[in-house]
Amino acid sequence: MKKLYQFIFDYLRKKMPARNPRFPHMDAPLRILLIYESDVLERNDNIKSIRQDLLRRQMDVSMWGYVAKKEINTLILPQSRILGLNDYNLFGKLKEESVNDLQADHYDLLIDLTTRPLLPLRYMAMYADADFKVGMNLGEGIHDMLISLPDFTPEQGDEADIEASWLYNQIMQYLTTIKSND
């Protein structure tokens, strides 16, 4: 089944219109979309701290997460939403109403904090309306800038928290260091 889901995703990705990415100017206020894998309890303390950091930088931040369960307890808010299994169809594709909600807003920057190739999150990244998309190097051709993660050892703590925080820090380091010629 996973091969069929992957085949459908690859087919739809190839049908997407060509993108003309615009590198974000990090010294100006930006509209940012954070995409992440939610924890089962939907607390996401590490993601909330990342959001707070972006708010301190005078950014307008929206967050979309995914957790692999049917019933989502978190409220759907304008700035925060968690999708679950019910938001995807039989073939693993994001349902049309969720795609419409995702594309209703335009973002200057998409920061994808997922650290493993989860198809639901890859659909979110693919359908999001953002000028520039950055995330981990998963080889699917969705992002405009790719970051590779080092290997972590078990004694460093919870791997997902370390990787999401590390990935965010790397992304911000590159985005603030690189200056666009636009």
Side-chain angles (χ1 to χ4, degrees), residues 1-26 30-38 44 46-47 50-51 54 59-68 80-85 87-150 160 163-178 180 182:
M1 264 326 230
K2 287 185 179 186
K3 288 185 179 185
L4 175 63
Y5 293 165
Q6 184 63 44
F7 177 79
I8 293 169
F9 174 79
D10 291 337
Y11 174 78
L12 292 172
R13 183 179 48 82
K14 289 176 185 171
K15 305 254 324 157
M16 294 293 290
R19 292 181 29 81
N20 186 16
R22 288 192 347 238
F23 194 84
H25 296 279
M26 295 304 288
L30 299 174
R31 294 206 64 213
I32 296 177
L33 175 62
L34 284 179
I35 293 179
Y36 63 96
E37 180 181 5
S38 175
N44 305 307
N46 60 335
I47 303 299
I50 290 170
R51 181 177 188 271
L54 289 168
M59 306 295 178
D60 179 18
V61 183
S62 295
M63 305 183 317
W64 280 59
Y66 169 78
V67 64
S80 180
R81 182 171 181 178
I82 296 177
L83 301 180
L85 296 174
D87 295 299
Y88 293 84
N89 68 16
L90 179 65
F91 298 107
K93 182 180 178 285
L94 194 58
K95 288 185 178 176
E96 196 65 33
E97 57 267 14
S98 296
V99 171
N100 292 338
D101 290 347
L102 185 60
Q103 292 179 336
D105 291 320
H106 174 77
Y107 299 96
D108 300 307
L109 176 63
L110 174 133
I111 299 176
D112 186 346
L113 295 175
T114 59
T115 56
R116 57 192 184 112
L118 289 172
L119 200 57
L121 291 163
R122 292 166 61 199
Y123 272 111
M124 274 192 238
M126 181 173 73
Y127 286 125
D129 181 16
D131 289 337
F132 196 78
K133 298 178 181 184
V134 61
M136 192 172 105
N137 186 3
L138 299 174
E140 74 271 332
I142 295 173
H143 301 100
D144 303 312
M145 187 170 91
L146 302 171
I147 305 290
S148 294
L149 290 178
E163 288 182 359
S165 299
W166 187 89
L167 181 58
Y168 170 74
N169 290 332
Q170 291 298 307
I171 288 170
M172 292 309 291
Q173 179 182 345
Y174 284 113
L175 290 177
T176 56
T177 303
I178 299 171
S180 174
D182 292 347

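Along the sequence shown, residues carry numbers from 1.
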Run Trp64 and Leu110 through side chain to side chain contact (heavy atoms under 4.5 Å, CB included) and show every step you take. CA-CA 11 Å; Trp64 280 59; Leu110 174 133; over 6 Å; no
Atom CD1 of Ile50 and atom CG of Leu34: how far apart are they, to the nearest 0.5 Å? 7.0 Å
I need the minimum non-hydrogen distance between Arg19 and Ala130, along with the two atoms involved. NH1-O, 3.0 Å
Would you say the side chain of Phe132 lies within less than 4.5 Å of the side chain of Arg22, judging by non-hydrogen atoms? no
Side chain to side chain contact (heavy atoms under 4.5 Å, CB included) evaluation trace for Asp112 with Ile142: CA-CA 10 Å; Asp112 186 346; Ile142 295 173; over 6 Å; no
For Leu54 and Met172, run side chain to side chain contact (heavy atoms under 4.5 Å, CB included): C-alpha distance rounded to whole Å, both residues' side-chain angles, the deciding distance at 0.1 Å, then the answer. CA-CA 10 Å; Leu54 289 168; Met172 292 309 291; 4.0 Å; yes
Distance (rounded to the nearest 0.5 Å) between Leu94 CG and Glu96 CD: 8.5 Å
Considering all heavy atoms, the nearest Ile178-Phe23 contact: O-CE2, 3.4 Å
In this structure, which one of Ile111, Leu102, Asp105, Asp60 forms a side-chain contact (heavy atoms from CB on, under 4.5 Å) with Leu33? Leu102
Return the CG to NZ distance between Asp10 and Lys3, rounded to the nearest 0.5 Å. 13.0 Å
Any donor-acceptor pair under 3.5 Å from Asp144 side chain to Lys133 backbone: yes
Test applied, side-chain contact (heavy atoms from CB on, under 4.5 Å); reference residue, Asp131; option that passes from Leu109, Asn20, Asp108: Asp108
How far does OG of Ser165 sit from CD1 of Ile47, to the nearest 0.5 angstrom? 7.5 Å
What's the shortest heavy-atom distance between Leu175 and Pro24, and which atoms? CD2-CG, 4.2 Å
Worked check of side chain to side chain contact (heavy atoms under 4.5 Å, CB included) between Tyr66 and Leu85: CA-CA 8 Å; Tyr66 169 78; Leu85 296 174; 3.1 Å; yes
Taking all non-hydrogen atoms of both residues, which atom of Met136 and which atom of Thr115 are closest, and how far apart? CE-O, 3.0 Å
Under the 3.5 angstrom rule, does the side chain of Tyr5 hit a backbone N or O of Leu90 as a donor-acceptor pair? yes
Within the 4.5 Å heavy-atom criterion, are Asn44 and Met63 side-chain neighbours or not? no
Measuring only between side-chain heavy atoms, which start at C-beta, is Asn46 closer than 4.5 Å to Tyr36? no
I'd like a table of donor-acceptor pairs (distance under 3.5 Å, sequence neighbours excluded) in which one partner is a side-chain atom from residues 122-129, with atom names and distances.
| from | atom 1 | to | atom 2 | distance (Å) |
| --- | --- | --- | --- | --- |
| Arg122 | NH1 | Gln6 | OE1 | 3.2 |
| Asp129 | OD1 | His106 | ND1 | 3.2 |
| Asp129 | OD2 | His106 | ND1 | 3.2 |

From Lys93 NZ over to Tyr88 OH, what is the distance, rounded to the nearest 0.5 angstrom? 11.0 Å
Which atom of Ile171 lies closest to which atom of Met145, heavy atoms considered: O-CE, 4.5 Å
Let me confirm one number: the CG-CD1 distance from Asn169 to Ile147, rounded to the nearest 0.5 Å. 11.0 Å
